[in-house]
Student: 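Okay, here's the structure, questions in a sec.
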Amino acid sequence: MSLFKKKNYAADRPVPTHIAIVMDGNGRWAKKRGLPRTAGHKVGAEAFRTIANYAKSIGLKYLSVYTFSTENWKRSEEEVNAIMELLERYLRELIRDMDKNRVRFCFFGDLSRLSPQLQEEARIAAEESKKYAGVQVNFCLNYGGRAEIVRAAKQFARDCADGKCSPDDLTEERFSDFMYSAGVPDPELVIRPGGELRTSNFLLWQSAYAEYYFTDVLWPDFGPKELEKAIAAYNGRNRRFGGVK
Ligand code: FPP
């Protein structure tokens with residue numbers, strides 16, 4: 001855990017190094033207001049912008065967000081298209097404002113199913129932001145935790161078949177290097193707004209010892225105060241990693 005402290009973190013407590021968020025509740029937020037679900041995603045994208053800026057200001061090093069899951073393709077074509085368009089616009093702005101924000105971007109997931117335009121924007125965003133050292137945002141896009149583990153297993157099996165390594169060489173650390181998150185420390189805290197109490201296939205391997213924080217607040221309403229509450233709850237937890245304290 002980073003002991004980096006900033007004045008604007010009201011509770012003045014240590015901030016985790018890596019926080020992961022399931023941005024849930026956009027659809028219900030919109031429905032409550034008589035708006036189309038897509039309006040909820042639009043406000044959800046703004047909520048993300050605010051949280052990313054705030055996370056940076058309190059010294060967080062890694063922020064991972066579930067932007068689109070491998071299961072989200074089951075939604076209506078209209079909703080999927082609206083989310084993809086929103087993402088394209090978001091990435092274009094992110095590339096445009098990169099020098100101002102100085103955030104490193106990474107993409108976890110199978111991007112090959114996305115539009116060529118979106119793939120290209122993701123590539124540019126990742127490539128051109130490599131130079132920034134402060135905070136890294138991981139967009140989990142067409143991401144599924146099980147699919148990621150299967151992909152890692154296939155890569156390792158291929159390396160074995162090519163004679164580069166043998167099954168007995170495999171350790172948890174080594175297997176982590178086959179994940180999209182290679183080199184990124186595991187999240188200490190996973191936040192799920194929106195009232196559902198499940199992991200939904202999010203960072204399954206990486207969250208083995210994460211603390212979970214659930215809240216009924218819907219993602220578009222999740223602001224800096226909510227993030228502070230989550231961090232304060234995390235700081236009150238007794239992390240034993242299977243041991244005894
Ligand atoms: C979950 O809410 C949200 C999604 C499946 C999409 C997440 C997308 C965004 C937040 C917008 C794009 C983000 C960025 C960073 C550009 P839901 O639709 O499942 O809500 P519900 O459970 O109320 O139906």
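Just so you know, ligand 1 is whichever comes first in the structure, and atom 1 is the first atom listed for that ligand. What you see is a predicted model; the values in this text were computed from it and never measured.
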Student: Using a strict 4.0 Å cut-off to heavy atoms of Arg75, name the atoms of ligand 1 that fall inside it.
Tutor: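 Result: 5 (C), 17 (P), 18 (O), 19 (O).
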Student: Report the part of Val65 (side chain from C-beta onward, or backbone N, CA, C, O) that has a heavy atom under 4.0 Å from ligand 1; answer both or neither where that applies.
Tutor: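 Contact part for Val65 vs ligand 1: neither.
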Student: Can you tell me the protein heavy atom closest to atom 11 (C) of ligand 1 and the distance?
Tutor: His41 O, 3.5 Å
Student: Below 4.0 Å from ligand 1: does a non-hydrogen atom of Arg37 turn up there or not?
Tutor: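 Flag set, Arg37 near ligand 1.
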Student: Out of curiosity, Arg49 CZ to Leu94 CG, how far, rounded to the nearest 0.5 Å?
Tutor: 8.0 Å
Student: OG/Ser64 to OH/Tyr143 distance, rounded to the nearest 0.5 angstrom?
Tutor: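 The OH atom of Tyr143 is 9.0 Å from OG of Ser64, to the nearest 0.5 Å.
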Student: Where the closest heavy atom to atom 10 (C) of ligand 1 is concerned, which of Val22, Asn26, Leu86 has it?
Tutor: Asn26
Student: Given that the side chain starts at C-beta and the backbone is N, CA, C, O, which of these parts of Asn72 lies under 4.0 Å from ligand 1, counting heavy atoms, or is it both or neither?
Tutor: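 Side chain only.
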Student: Just jot down the ligand 1 atoms closer than 4.0 angstrom to any heavy atom of Met23, in number order.
Tutor: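 Those atoms are 1 (C), 2 (O), 3 (C), 10 (C).
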Student: Can a non-hydrogen atom of Gly194 be found less than 4.0 Å from any atom of ligand 1?
Tutor: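 For ligand 1, residue contact (heavy atoms, under 4.0 Å) with Gly194 is absent.
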Student: Within a radius of less than 6.0 Å around NZ of Lys74, do more than 12 heavy atoms belonging to other residues, nucleotides or ligands occur?
Tutor: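 Incorrect, the count does not exceed 12.
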Student: Which pair of heavy atoms, one from Ile51 and one from Ile21, lies closest together, and at what distance?
Tutor: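 Closest approach of Ile51 to Ile21, heavy atoms only: CG2-CD1, 4.1 Å.
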Student: Measuring from atom 2 (O) of ligand 1, which candidate in Ala82, Gly25, Pro220 has the nearest non-hydrogen atom?
Tutor: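 Result: the heavy atom closest to atom 2 (O) of ligand 1 is in Gly25.
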Student: For a side-chain hydrogen bond (donor to acceptor under 3.5 Å, both in side chains) with Asn26, tell me which candidate from Arg37, Lys42, His41 qualifies.
Tutor: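 With Asn26 as partner, Arg37, Lys42, His41 yield a single side-chain hydrogen bond (donor to acceptor under 3.5 Å, both in side chains), made by His41.
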Student: Is it true that Glu148 and Arg151 make a salt bridge, defined as a side-chain N closer than 4.0 Å to a carboxylate O?
Tutor: no
Student: Between Ile51, Val43, Thr67, Thr38, flag the one that comes closest to atom 13 (C) of ligand 1 by a heavy atom.
Tutor: Thr67
Student: Starting from atom 15 (C) of ligand 1, locate the nearest protein heavy atom and write down its residue, its atom name and how far away it is, to 0.1 Å.
Tutor: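 That would be Phe48 CD2, 3.5 Å.
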Student: Distance under 4.0 Å to a non-hydrogen atom of Asp24: what atoms of ligand 1 satisfy this?
Tutor: 1 (C), 2 (O), 17 (P), 19 (O), 20 (O), 21 (P), 22 (O)
Student: Only one of Tyr180, Tyr66, Phe48 clears ring-ring contact (aromatic ring centres under 6.0 Å, His included) with Phe139; which?
Tutor: Phe48
Student: Mind checking whether Phe222 and Trp219 have parallel, tilted or perpendicular rings, split at 30° and 60°?
Tutor: parallel
Student: Number the atoms of ligand 1 from 1 as they appear, then name those within less than 4.0 Å of a heavy atom of Tyr90, with their elements.
Tutor: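 Near Tyr90, the atoms of ligand 1 are 16 (C).
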Student: Would you say ligand 1 has an N or O under 3.5 Å from any N or O of Arg28?
Tutor: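 Yes.
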Student: May I ask you to check whether over 12 heavy atoms, not counting those of Glu71, lie within 6.0 Å of atom CD?
Tutor: yes
